[in-house]
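Encoded as structure tokens, the structure appears first; notes follow it.
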Amino acid sequence: MLGEALGATEAQKGVPFVGEAGAQLNRTLSRTPWTRDDFRLYNVLQCQPPKNWLVGAPWEAGAIEHCAVHRDRIIRDTDPKVILALGGTALEALTNKGEILKRRGYVYSVPTQVGDSDSWRFALRWVIGTYHPSYIMQGNQNLTGIQAFDISRAVEVAKNGWEWTSDERYVERPSLDQIDEFINKAVFALSAGAWLTADIETARSVTTDEDERTDVTDPITRISFSFEPGYAITIPWQVDYLSRIQDILSLSQEYLVFWNADFDVPRLKAHGMKIRQKVVDAMYMWHFLQSDLPKSLGFVASIYTKMPEWKSMSYTAPEYYSCCDADAQIRCTNGIVADLKKQGRFDTFMRHHTELQPILNEMGQSGVLLDQEKRKEFRAAIEEDRKRIDNEIQCAVPDALRPFKTRRKVPPAAVLGQPCKTSGTAQWGYHPDTGEWGELSNFLYNSSGQVLRYIKSQGHPVPRNYKTGKDTTGKDDLESLAKRYPKDPVYRRIIEARELHKVIGQYIDGYVAAPDGRVRTTFTQKPSTWRLASEGPNVQNVRRRWHLANRYREQFVAAPGHVLVEADYRAIEAVLTGFYAADADYIRAAKLGVHSILAAHILQHPLRDLWAAHAPEEEVLAAVWDIKKGHKDVYDKAKTIVHLSNYKGSARRIKIEYPDLFNSVAEAERLQRLYFANIATKVEAWHTATVAKAAGCSYLDNAFGYRHYFYDVLRWDGTYGTDAKKALAFLPQSTAAAIIKEAILRLAQKEVYRRAMRWQIHDALLFELPKDRLLDARIGTIVAEMTRPIPQLNGLSIDVEVTVGENWGEMQEWRN
DNA sequence: ACGATCTGCGCT
DNA sequence: AAAGCGCAGATCGT
């Protein structure tokens, strides 16, 4: 093993890898059958570089060159079969190749000095690159297992040597006959159950990450296919070949495999190709298998194949590169499928991604109508307010706090000495302190730096983020400053101006309707919990708690003769917490209204005893309703307390969230105890068990087979690591995602619902349905499908609330 | 002009 | 120090 240089601890003892990086190396080795005594450890540098700085330092090249003699001598003396390069510096010193993150895990054969110091010669030795342990320590603990894999590969090479996979059957410049031969063999293999993979190269995608490109009309240069490891074909995108390419794309009856289909499929369609099969995205399959590891094909191939590194050859050998892509795809696909089947999670992936994603694409594309008139009016009203408030801020903030850039240019005399600032462009002036001439800009209420300078200039205490300790100018902190200094003209106005600014920028101008008046979004399954995410625009964070939220939402309307129907799962995460905690009482509370029941405890309301005594449901529900309507403030606070407590939020956090409701942290603590002792009686035990489980096997599976890995759950002293609460949140959150996906899949089987689905907002589905005599029946079907008992959860069902309206701001409760 | 990073904030 | 996201503005470096 060859590292970089001695750290502080190492330099003291003169031994490599005995400091923190050494401890990390030991942790990695503990995942393998070997110990550090099985290896010899050296560094590229024999000494400690000044300030522990080597990479990018002015002395980097010189220092490495200076120590090369020692390094060569060490290699000659030890004559290693394999050198494992720990980090980019070592790999580059050995192979002259950079980009360790692209090359790690791949095996290189490198000319190395062997023999006596006075009569040495070159001989080929194996070199494998892996991460430097300090890189893994810097927040990349998820890569520990990969480094263990690299070490195992090095040992394997040392024992048995290494043979790269063969590229003899790559068809890099195909004749039409060779294409037909590929087709004939593929037909046979596909009928026996093989996958067919496809991959395009585009003129500009070579230099850019594929998913960053958005222009689907970029020219395609070639396409490659494979159905069998080692046998790949690449076909130039030229007129003579296009019909053959379409033939191959149509070969498979059922599935066509891509790596990141979001890139390839829209481009193939834009270039006239038909793709009628279901699209299997092997990259997402990998994401489903291991959501926390890098997703590039080059990375995954280093694990599933013995291919030589090829990703750096796109320019020098484009045909070979393209065949390698196809070969890597088929090998990785086969490996990932096998692993998912071994874990019993393959069917879930095919259903919840391959089947679901086309439905989500249709949902995003069908879009929701925007009422342009309302939108215009609303924007104008808001913009006027924002301008007025901004102007008030500009007048209240002293010149000395406004951004100032010194300029040498002579000013236009007309603006000299203007007394009061107006919002808009900057103006020229003399700096009030330094007297310099320059450009004085407006005070930016969105700039935390400028707002902090204002707070300090007033001699007010600077708010600190209670997690990070950093200075902050968040809304809550400005609110408490405003309370403490009621005469201050700025704090409340900053809050208001920021709010209006965000509404205009993100929620009005960010929603651009197509010519048909509809606004479209894209649903992805990127979150590590396999929730859905929405982007361009994100329709899952539309204003709801704002005092003008309903007026804002009125611009989202149903088409004439239609209505919007929104179906929300009621308290889904609370019910699921009860399910995972195996607490039937808590499930009952969650379904009746756990927030109201907690509020009843706070308020000493009769509901408390009704619930405990299992009173008749109508009676309990009436009391729940009473609290929800009559004590909305306490109800809303109880709701957040339930959420925070279920995911192990601290009493301190609750106090910070509700400084007015609680006099002290101790009081919040008392209330939490009340909640755990009387309502959520088994939840704390579930917390403990879940954290222990996540720490023990380093991952959790939910009831549908969604998996999440965790690395820093329990520390050696029993305290919680950074992943402990993520583990607690994972099960209810990911299970809720799976439940609503199942509902979408079932509803999409019927054309009328498939076409009517619009947006998914985590626990809610929004539909646009014809307003006709079938409406009630259709809503009934939606409710029936969404509340159907869930076999994976022992037949649990989740209640649904439905609202209906002609626009999204005036929705009325629907009752059958 | 453009990208990366930080801060802030909307929703579930 | 509940979790999970996406978007916009400010700032700084290239």
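Reckoned from all heavy atoms, side chains included, excluding hydrogens, waters and symmetry mates. As the structure is a prediction and not an experimental result, all values here were calculated from the model. Every chain is numbered from 1 and lettered A, B, ... according to where its sequence line falls, protein lines coming before strand lines.
As judged by a 4.0 angstrom heavy-atom cut-off over every strand, A:Arg652 is placed among residues making no nucleic acid contact. The residue A:Lys502 sits close to a base: some heavy atom pair falls under 4.0 Å. Using a 4.0 Å heavy-atom distance criterion, A:Leu644 is classed as a base contact. Contact annotation for A:Glu535: backbone-only contact, meaning every heavy-atom pair under 4.0 Å involves sugar-phosphate atoms and none involves a base. A:Ser534 comes within 4.0 angstrom of the backbone, heavy atoms only, and of no base. Within the 4.0 angstrom heavy-atom criterion, no nucleotide atom of any strand lies near A:Gly449. Residue-level contact check: A:Ser528 touches the backbone only, with heavy atoms under 4.0 Å from sugar-phosphate atoms and none from bases. Note on A:Ser734: nothing from the nucleic acid sits closer than 4.0 angstrom, heavy atoms only.
Nearest to the side-chain atoms of A:Asn446 among the listed nucleotides C:dA10, B:dG10, C:dG6 stands C:dA10. Of the candidates B:dG10, C:dA2, C:dG4, B:dG10 carries the atom nearest the A:Arg543 side chain, counting heavy atoms from C-beta on. Here C:dG9 is the nucleotide among B:dG8, C:dA10, C:dG9 with the atom lying nearest to any side-chain atom of A:His501. Taking the side chain of A:Arg545 as heavy atoms from C-beta on, and the options C:dA2, B:dC11, B:dC9, the nearest nucleotide is B:dC11. Side chain of A:Tyr647, nearest nucleotide from B:dT12, C:dG4, C:dA2: C:dA2. Of the candidate nucleotides B:dT7, C:dG4, C:dA3, B:dT7 has the atom lying nearest to any side-chain atom of A:Ser448.
Atoms CD1 (A:Ile641) and C1' (C:dA3) sit 18 Å apart, rounded to a whole Å. For the pair A:Glu566 CD and B:dT12 P, the interatomic distance rounds to 9 Å; values are reported in whole Å. Following rounding to the nearest Å, A:Gln525 (CD) and C:dG4 (C1') show an atom-to-atom distance of 14 Å. In this structure, the CD1 atom of A:Ile654 is 15 Å from the C1' atom of C:dA3, given to the nearest Å. The interatomic distance linking A:Arg531 (CZ) with B:dT12 (P) rounds to 10 Å, in whole Å. The NZ-P distance, from A:Lys725 to C:dA1, rounds to 6 Å in whole Å. Rounding to whole angstrom units, NZ of residue A:Lys470 and P of C:dA10 are separated by 19 Å. Between the CD atom of A:Gln506 and the C1' atom of C:dG9 there is a distance of 11 Å, rounded to whole Å.
Comparing A:Ser650 and A:Thr524, the nucleotide of DNA chain C nearest to each residue sits closer to the 5' end for A:Ser650.
Among the candidates A:Gln733, A:Glu573, A:Lys725, the single residue satisfying the side chain to side chain donor-acceptor pair (under 3.5 Å) test with A:Tyr647 is A:Glu573.
Contact between the side-chain N/O atoms of A:Gln450 and the OP1/OP2 oxygens of C:dT11 is found at a separation under 4.0 Å. Distances shorter than 4.0 Å separate some side-chain N or O of A:Thr472 from OP1 or OP2 on B:dG8. Dashed line: the shortest gap from a side-chain N or O of A:Ser447 to OP1 or OP2 of C:dT11 is under 4.0 Å. For B:dC11, neither phosphate oxygen OP1 nor OP2 lies less than 4.0 angstrom from any side-chain nitrogen or oxygen of A:Arg544. In this structure, A:Lys526 does not reach the C:dG4 phosphate: none of its side-chain N or O atoms is under 4.0 Å from OP1 or OP2.
Relative to the six-membered ring of A:Phe378, A:Arg551 misses at least one condition, a distance below 6.0 Å or an angle of at most 45° to the axis.
Ring pair A:His460/A:Tyr491: centre-to-centre distance below 6.0 Å.
A salt bridge links A:Arg388 with A:Asp385: the distance from a Lys NZ or Arg NE/NH1/NH2 to an Asp or Glu carboxylate oxygen falls below 4.0 Å. Salt-bridge formation is not detected for the pair A:Lys475/A:Glu479: no Lys NZ or Arg NE/NH1/NH2 atom is positioned less than 4.0 Å from an Asp or Glu carboxylate oxygen.
For the atom pair OH (A:Tyr445) and CD (A:Gln450), the distance works out to 11.5 Å, reported to the nearest 0.5 Å.
Applying the 3.5 Å distance criterion, the base of C:dG6 shares no donor-acceptor pair with the side chain of A:Asn538.
Scanning both residues, A:Arg707 and A:Phe730, for their nearest heavy atoms gives C-CZ, 3.9 Å.
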